[in-house]
A.B. asks: 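Please see the structure below; I have some questions.
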Amino acid sequence: MAEDFYQVLDRDLMLMLQQIFSGVTAENAGRFHFSPPYDASHGDLACNAAMMLAKSEDVAAMVLAETIAEHLRNWSAFAEVSVVKPGFINARLKVSFLTAELARILSDPDYFSHCDVGAGKRVNIEYVSANPTGPLHVGHARGAVFGDALSVLLTRTGYDVTREYYINDVGVQVDVLARSAHGRYLEALGDKTQTFDAPLYSGEYLIPVGGALAARFGTTYQNVPESEYLAPIREYTIAAMIKIIRSDLQALGVVQDVFTSERALVESGAVEQTLTYMQEHNLVYRGVLEPPRGKTPEDWEPREQLLFRSSDFGDDIDRPLIKSDGTWSYFTPDITYHRDKFARNFDWLINIFGADHIGYVKRLKAAAAAFSEVPLDILCCQIVRFIKNGAPVRMSKRQGTFITLRELIAAVGKDVVRLHLLGRKNDAHMDFDLELMRQQSLDNPVFYIQYAHARCHSAISHAKAEFSILPEVTAEELAAKLITAADHRLLCKLAEYSGMLRRAGSALEVHRIALYLRELAKELHGFWSQGKDQAELRVVVRDDALLTAARCQLLCGVKQVLADGLGLLGVTAVDELR
RNA sequence: GCACCCGUAGCUCAGCUGGAUAGAGCAUUGCCCUCCGAAGGCAAAGGCCGCAGGUUCGAAUCCUGUCGGGUGCGCCA
């Protein structure tokens, strides 16, 4: 398993501390690490070990820091090690150590995929799973891009990822869909009296489905009772909706591998099997629930149901599986579905939920815990407020005022949608200002990062034009040439990338990639601008071909890291801005 | 009433699993294009990190309470 830049340093630190201090073991050593200090004037790296050890060793942190620093001074990686007041150990890296990392970025074909914290474990990530009753709308966008980017990130950090969509193709919603489609079908056959009020779906997207149904079935279902037309119309229409949804996802750059049908699961008898299993394992009982506190419904009456002992597994109350009328609750097939996922031998399940399903998390985790040791993580994406003309857009399905995903992409572009939604923690509330995002203003980080990438490209091309032949640069020359403070900062920033990815992966925090890219872009822009005042800080230095070649290597590294990070987020890296 | 999420600069948000003087972008105010792309850079200003306790060498970060905002919660799906 290959280690990244910071892992190597931290591992060596741990080994060294174990040699010096008897109290340091493999277990607690993970707390000691190097990290980039927030203030660059402190150096390239800060180490927290002395302060962490002060108590267990019963020695003043400053004394320990001096001891540790003395050892660190022997490391080949460091040019300078110093100790500062509370007990920080600050270190400055040798340029050769940083340029060696740059060389790996440029020459190692596996550099961007060598992280193996996942160790090939099989993880299933379920996301979107919107009801197949129509095109996706903006409410689905965040979960879609987050699930997609998380899948890419976990793949990159060594997991074997399956991306899954669960199709809720059973129940009232899809029956309503079928009735609506049937109305459009009659319309297509010439009946102009059809209406599509309240419970029916009035969206225009069903009109072509009606036409297709007419072409497919002719007049077969024109004058037959619902019991005859419902199933075939429903099947056809759901397939049409899935097709629309998949194409919506594709427009966002989101791909999923497995589409699991609830109906197929139900028809296989898996739900009954699950109920039998739960009965055999004493996970259910017949009982009556208390009315919900503080908000007792007027028509509440206690009725006996089949309940899952979910409160034994961390839920607040037990949950109904079979309702008093003898039918399953929504939860029952869903439990079955997760049991099916467990049966497919994943090592880890992740569900991406919208904020409107937060209340569902505990019971599902309870069900998972009752069935398997395999961990289930449920990540919720908070509501995105869409702002138009300075005011939040009120969206209502009934009034047809919700913005579709297609409209959003058409308005601002896929890259803007993705980077903006991926730029914040998934569980943070956020705004999406449609005007700002359309303006391509500085509020929009896509252009800032793409601009940095384009500048790298531009400078490298310029260097190639200026010097017909750029000299080869040896490792020694690279280290000897990239010695200014500006070079140094860029090199340090590049070296952070691999460790940042590893941490983002283990924290399931995709937004860190976006933050990092912004930081790297900022360093690049700063680097660039210094060349305006001082010609020797430019990429192209006319009287120094070797320096120019070295700087080109540096910018190649920046360009590659920017492109890789943007690629992880599904955002296009461009060589030129319009 | 209960559960989950969020309260950090005027606004939108970071803060790397407990570290140094809490950071970015936008907006405001000043600079920097005869010079690799100014869609950029530099600088100024802006803060009781909602509030109150606790844990410890050390808290925006962890715990408890509390107040505000959001989302959800019934035998709906």
Side-chain angles (χ1 to χ4, degrees), chain A residues 31 33 35-39 42 46 48 51-52 54-55 60-61 84-88 90 131 168 170-174 289 291-297 299-301 303 305 315-317 320 322-325 327 329-331 334 354-362 380 382-383 385 387 423-425 427-431 433 436 440-445 447-448 450-452 454-455 457-463 465-466 496 499-500 503-504 506-507 509 511-512 514-516 518-519 521-522 524-533 535 538-542 548 551 555 576-578:
Chain A
R31 301 155 63 217
H33 56 255
S35 56
Y38 78 92
D39 186 342
H42 291 130
N48 64 347
M51 290 176 295
M52 303 289 281
K55 183 144 200 191
V84 187
K85 43 175 188 183
F88 285 101
N90 293 326
N131 285 343
N168 289 110
V170 177
V172 177
Q173 307 284 3
V174 287
L289 283 177
R293 241 168 247 165
K295 199 186 159 189
T296 309
D299 58 346
W300 177 269
E301 47 182 297
R303 285 183 187 159
Q305 309 168 78
D315 199 0
D316 302 316
I317 57 168
I322 299 181
K323 300 181 282 187
S324 57
D325 65 359
T327 62
S329 74
Y330 173 82
F331 192 31
D334 221 16
D356 53 344
H357 287 86
I358 282 174
Y360 200 61
V361 169
K362 276 194 177 179
C380 292
Q382 266 301 345
I383 297 288
R385 262 193 337 168
I387 309 288
R424 311 246 206 291
K425 262 202 305 264
D427 55 4
H429 298 84
M430 68 184 289
D431 286 352
D433 190 314
L436 283 181
Q440 305 192 350
S441 75
L442 302 179
D443 260 327
N444 185 342
F447 298 95
Y448 188 81
Q450 285 182 334
Y451 185 31
R455 274 184 154 172
H457 177 82
S458 166
I460 293 161
S461 324
H462 191 264
E466 198 74 23
E496 281 180 35
M500 180 281 299
R503 287 190 178 124
S506 58
E509 292 188 351
H511 73 284
R512 290 194 203 182
L515 291 174
Y516 171 86
R518 209 186 156 81
E519 288 167 10
K522 185 177 173 57
L524 187 276
H525 289 310
F527 174 89
W528 182 281
S529 297
Q530 286 193 37
K532 296 213 166 287
D533 301 326
R538 286 188 204 171
V539 176
V540 179
V541 183
R542 290 204 167 74
T548 301
R551 291 254 163 85
L555 261 65
E576 285 180 19
L577 298 176
R578 292 185 292 105

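In what follows, every heavy atom counts, from backbone to side chain, and hydrogens, waters and symmetry copies are set aside. Each chain gets a letter, A, B and so on, in the order the sequences are listed, and its residues count up from 1.
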A.B. asks: Report yes if at least one side-chain N or O of A:Lys362 is closer than 4.0 Å to OP1 or OP2 of B:A3; otherwise report no.
C.D. replies: no
A.B. asks: Name the nucleic acid region contacted by A:Arg303, choosing base, sugar-phosphate or nothing; use a 4.0 angstrom heavy-atom cut-off, strictly under.
C.D. replies: base
A.B. asks: NA contact type, A:Ser324, heavy-atom cut-off 4.0 Å: base, sugar-phosphate, or nothing?
C.D. replies: base
A.B. asks: Quantified in whole Å, what is the C1' atom distance between nucleotide B:A9 and nucleotide B:G70?
C.D. replies: 23 Å
A.B. asks: Relative to the 5' end of RNA chain B, which residue comes earlier, A:Ala459 or A:Lys425, by the nucleotide with the nearest heavy atom?
C.D. replies: A:Lys425
A.B. asks: Could you tell me how far B:A27 sits from B:C11 if I compare only their P atoms? Round to whole Å.
C.D. replies: 16 Å
A.B. asks: Does A:His42 lie flat on the base of B:A20, that is, centres under 5.5 Å apart and planes under 30° off?
C.D. replies: yes
A.B. asks: Could you check A:Phe527 against A:Met52 and say which one's nearest nucleotide on RNA chain B is further toward the 5' end?
C.D. replies: A:Met52
A.B. asks: Under 5.5 Å between ring centres and under 30° between planes: true for A:Tyr451 and the base of B:G40?
C.D. replies: no
A.B. asks: Base, sugar-phosphate or nothing for A:Ala428? Non-hydrogen atoms, less than 4.0 Å.
C.D. replies: sugar-phosphate
A.B. asks: Over all strands shown, is A:Leu577 touching base, sugar-phosphate only, or nothing at heavy-atom distances under 4.0 angstrom?
C.D. replies: base
A.B. asks: B:G25 phosphate, OP1 or OP2: any side-chain N/O from A:Lys522 under 4.0 angstrom?
C.D. replies: yes
A.B. asks: In this structure, how many angstroms lie between the C1' atom of B:U71 and the NE2 atom of A:His429, rounded?
C.D. replies: 6 Å
A.B. asks: Taking 4.0 Å as the cut-off, does a side-chain nitrogen or oxygen of A:Arg503 come that near to OP1 or OP2 on B:U17?
C.D. replies: yes
A.B. asks: Without decimals, in angstroms, what is the distance between A:Leu524 CG and B:G41 P?
C.D. replies: 10 Å
A.B. asks: Would you mind reading off the distance between A:Arg385 atom CZ and B:U71 atom P, rounded to a whole angstrom?
C.D. replies: 10 Å
A.B. asks: Say you pick atom P in B:A22 and the same atom in B:A45; how far apart are they, in whole Å?
C.D. replies: 14 Å
A.B. asks: Flag the pair A:Ile383 / A:Asp356 as yes when at least one side-chain heavy-atom distance between them is below 4.5 Å, and no otherwise.
C.D. replies: no
A.B. asks: With heavy atoms under 4.0 Å as the rule, sort A:Pro320 into base, sugar-phosphate or nothing.
C.D. replies: sugar-phosphate
A.B. asks: For nucleotides B:G47 and B:C63, find the distance between their C1' atoms and express it as a whole number of Å.
C.D. replies: 25 Å
A.B. asks: Counting only Watson-Crick or G-U wobble pairs whose two distances fall under 3.5 Å, which nucleotide matches B:C73?
C.D. replies: B:G1
A.B. asks: Could you work out the separation of B:G41 and B:G46 based on their P atoms and round it to a whole Å?
C.D. replies: 23 Å
A.B. asks: B:U8 and B:U61: how far apart are their C1' atoms, nearest whole angstrom?
C.D. replies: 12 Å
A.B. asks: Using the P atoms only, state how far B:U28 lies from B:G10, rounded to an integer number of Å.
C.D. replies: 16 Å
A.B. asks: Under 4.0 Å between a side-chain N/O of A:His511 and OP1 or OP2 of B:G15, yes or no?
C.D. replies: yes
A.B. asks: Identify, with sequence neighbours excluded, every residue that meets ring pair (Phe, Tyr, Trp, His ring centres under 6.0 Å) alongside A:His429.
C.D. replies: none
A.B. asks: Salt-bridge test for A:Glu509 and A:Lys425: reply yes if a basic N is under 4.0 Å from a carboxylate O, no otherwise.
C.D. replies: no
A.B. asks: Counting any heavy atom closer than 4.0 Å, what does A:Ala46 reach on the DNA or RNA strands: base, sugar-phosphate only, or nothing?
C.D. replies: base
A.B. asks: In whole angstrom, give me the gap between the C1' atoms of B:U29 and B:A20.
C.D. replies: 31 Å
